[in-house]
Amino acid sequence: MATKLRQIIRAPLTCLHLYLAVSFPPVGPTSQRDDGDTSDIRWFPRCALNTLLGMLLRMSTLLLKTLREEPADAEVPSHRLLLRAGYIRRAAPGGYTWLPLGKLVLDRVTAVVREEMTAIGGQEVSFPALLPREPYELSNRWTEYGDDIFRLRDRRGGEYLLAPTHEEMFTLLVQDMTSSYRDFPRLLFQVQTKYRDEARPRAGLLRGREFLMKDAYSFTLTDLELVTVYATVRASYQRIFDRLGLDHTIVAAVSGAMGGSASEEFLAASEVGEDTFVGCTTCSYAANTEAVITPAPVVVSAAAAPLAVHDTPATPTIAALVDLANERSLDGRTDWTAADTLKNVVVTVQQPGGEEELLVIGVPGDREVDLKRLDAALAPATATLFDDFASRPDLVKGYIGPQGLKARYLADPRVAPGTAWLTGANEAGKHATNVVAGRDFTPDGTIEAAEVRAGDPCPSCGEGTLTIRRGIEIAHVFQLGRKYTDAFKVDVLGVDGKPVRPTMGSYGIGVSRAVAAIAEQHHDERGLLWPDEVAPADVHVVAAGKDGQVEAALELARQLVAAGLRVLVDDRPQLSAGVKFTDAELIGVARSVVVGRRLAEGLVEFRDRRTGERSELPITDVLRVITGALG
RNA sequence: CGGGUUGUGGCGCAGCUUGGUCAGCGCGCUCGCUUCGGGAGCGAGAGGCCGCCGGUUCGAAUCCGGCCAACCCGACCA
């Protein structure tokens, strides 16, 4: 009977992590499926260095329910399929339960990350997710991070947060445990649940309010060392994502709320991604649109005509202005286009502390202001469109020009000194031509706020043009610098006996998001199709028949397990073969073995879902074929 | 936070306009028999405070008000 404790399995000593696993009999009525031998429900993850341990998952007892119908509230493929195939369930707004199959995949992804981080000398630690306010107060992020932090109070009124990232804690740990240059360099990481009070969680695992993240931080004494470690981690990440089967692009990025420089993101190409990035048609340049630098134009004509004001009634929009300019042959020209005009957009800039300032942004009239790029340029401050023109009679909506403006003015790099523009005259119904930058007005600086378009010149090589794609941000690496070591005044003794302040690198991987990204890149109309490295099992054995097929499938599965394979076996009674085939395709283990109608002749069918290949082979050859296929 | 859509057994939905044998359908689940290689057939069942609160009414899933939640678009966001 199945009430006894299962045998305890000890992982080999070669494993970094020793897993003890005990499984219990399924709760509830078991009499019908209890075949008297459940001792093989061994349920444990393969250890980090894997191979020697097999695993047997019996679908007859697995906590799994596939859904035939599409869940109504799931939109993107990863969300739909992970729900349908029984990997996750929604448990809270922006929070998901990992079911057994999903947990296996998550753990495999984590294992790959852990192996690669360890391989470059990373050491794993783990901080609480629940942290007191003070460290975040000292780094100013209690304020800077704004509404995205989950904040809470304990019974005595003490203030806490659920950590959105752990820079402060890593820095404090290093401060606590190091005192000499001999303690450096350091690379520390953790795999932790992070919390962000996202205004709008969406797309299942892709943007949750609770998610699993691997965050790593390097501590070095010189900027040069930081560059070296950065390159090492970057290369490690490329290996990680290659192993995970994620088609990714490394793009130049902005570092956002973290602070820092030399920032790059790893984006997994996907139509459902929330990040837009550009690539160059000729060189290797790639960047998040937020980080695209606009090349300043070469100004040819130095001698421009003097500024001239024209009556331009009823032209509050660029389109109306251009039409009228051509109708009236302003300055004798009839070839005016939107690109000749200078559009001036008023925004309110809000600092994290709450102070507000009015700012006017000047961009060529044929381009919109990209609010994401604007915010990235202003970070950590944020901007909103200004619309209270009644309070500022000096700002004439639709007729604003940069000349004589009584507000801070930042211009697009295309508004270079010497360029002449058709723009507002700061008077209702009037515009001015030949408004020359550097002569008639001088911006307080430049800003990258104009939209980026496919076909724009490449800022790197200057020859190619930009193409635009969408991607899922699966990792972000950047040279953080001394923001946090300064905040906490971390100093260690250098070789010369004088204090040295370490500099930091920050390297994050969205682990749970990576699972979703893999699902986005590896599925078809029939279901998921996991890369081998992260699949919940190496092989899916399907018992298709009731003439001993279930017993034979289980026996085969045990042999495969004994050889170190992780096996998912569909031993569910009473189900037709069709149901099992469909489920197998939905669940997405690439290789399956069907123990079916030709069992009596000792033959089973081997299927490769990626290639569509099917072949019959003696049941005794299965192990050889599978191990061969797995490489 | 703005706009939109939607809340009815585990899942997917109908019913609401026109209040009254409407609490229904499909899937799933339980039991029996048959079936057994592509989400089987027949029969018999279990399962729902119709998101929540209040109002109108003789009577509310249905009409009205408020609230909550989910999803989508935007804003925001390692």
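Convention: sequence-line order gives letters A, B, ...; per-chain numbering from 1.
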Counting only distance, no hydrogens or angles, is the base of B:rG28 paired donor-acceptor with the side chain of A:Arg84 under 3.5 Å? no
Report yes or no: is there a donor-acceptor pair, N or O only, under 3.5 Å between the side chain of A:Arg202 and the base of B:rC72? no
Considering every strand shown, what is the Watson-Crick or G-U wobble mate of B:rU17 when both distances are under 3.5 Å? none
Under 4.0 Å from OP1 or OP2 of B:rA78: is there any side-chain N or O of A:Arg196 that close? no
Classify A:Ile509 by what it touches in the nucleic acid, base, sugar-phosphate, or nothing, heavy-atom distance under 4.0 Å. base
Taking NZ, NE, NH1 and NH2 as the nitrogens, is one of them in A:Arg609 or A:Glu585 under 4.0 Å from a carboxylate oxygen of the other? no
Does A:Arg209 reach a base, just sugar-phosphate, or nothing at all? Heavy atoms under 4.0 Å. nothing
Watson-Crick or G-U wobble mate for B:rC29, both contacts under 3.5 Å: B:rG45
Tell me what A:Glu585 touches on the nucleic acid: a base, only sugar-phosphate, or nothing, going by heavy atoms under 4.0 Å. base
Which part of the nucleic acid, if any, lies within reach of A:Lys580 when heavy atoms closer than 4.0 Å are counted: base, sugar-phosphate only, or nothing? nothing
Should the side chain of A:Glu69 and the base of B:rG28 be counted as holding a donor-acceptor pair, with the cut-off at 3.5 Å? no
Closest to the A:Arg90 side chain: B:rC27, B:rC71, B:rA78? B:rC71
Let me know which of A:Phe478, A:Phe189, A:Phe170, A:Tyr230 forms a ring-ring contact (aromatic ring centres under 6.0 Å, His included) with A:Tyr217. A:Phe170
Name the residue from A:Arg607, A:Arg597, A:Arg598 that meets the salt bridge (Lys or Arg N to Asp or Glu O under 4.0 Å) definition with A:Glu616. A:Arg598
Can you check the distance between B:rC29 and B:rG12, where both ends of the measurement are the C1' atom (answer in whole Å)? 16 Å
Proximity of A:Tyr136 and A:His166 rings by center, below 6.0 Å: no
Looking at every non-hydrogen atom in both residues, tell me the closest pair between A:Ala552 and A:Leu599 and how far apart they are. CB-CD2, 3.6 Å
What about A:Glu605: does its side chain form a donor-acceptor pair under 3.5 Å with the base of B:rG37? yes
I'd like to know if A:Arg68 reaches the base of B:rG10 with its side chain, counting only an N/O donor and acceptor under 3.5 Å. no
NA contact type, A:Glu274, heavy-atom cut-off 4.0 Å: base, sugar-phosphate, or nothing? nothing
Ignoring backbone atoms, test whether A:Ser576 places a side-chain nitrogen or oxygen under 4.0 Å from the OP1 or OP2 oxygen of B:rG39. no
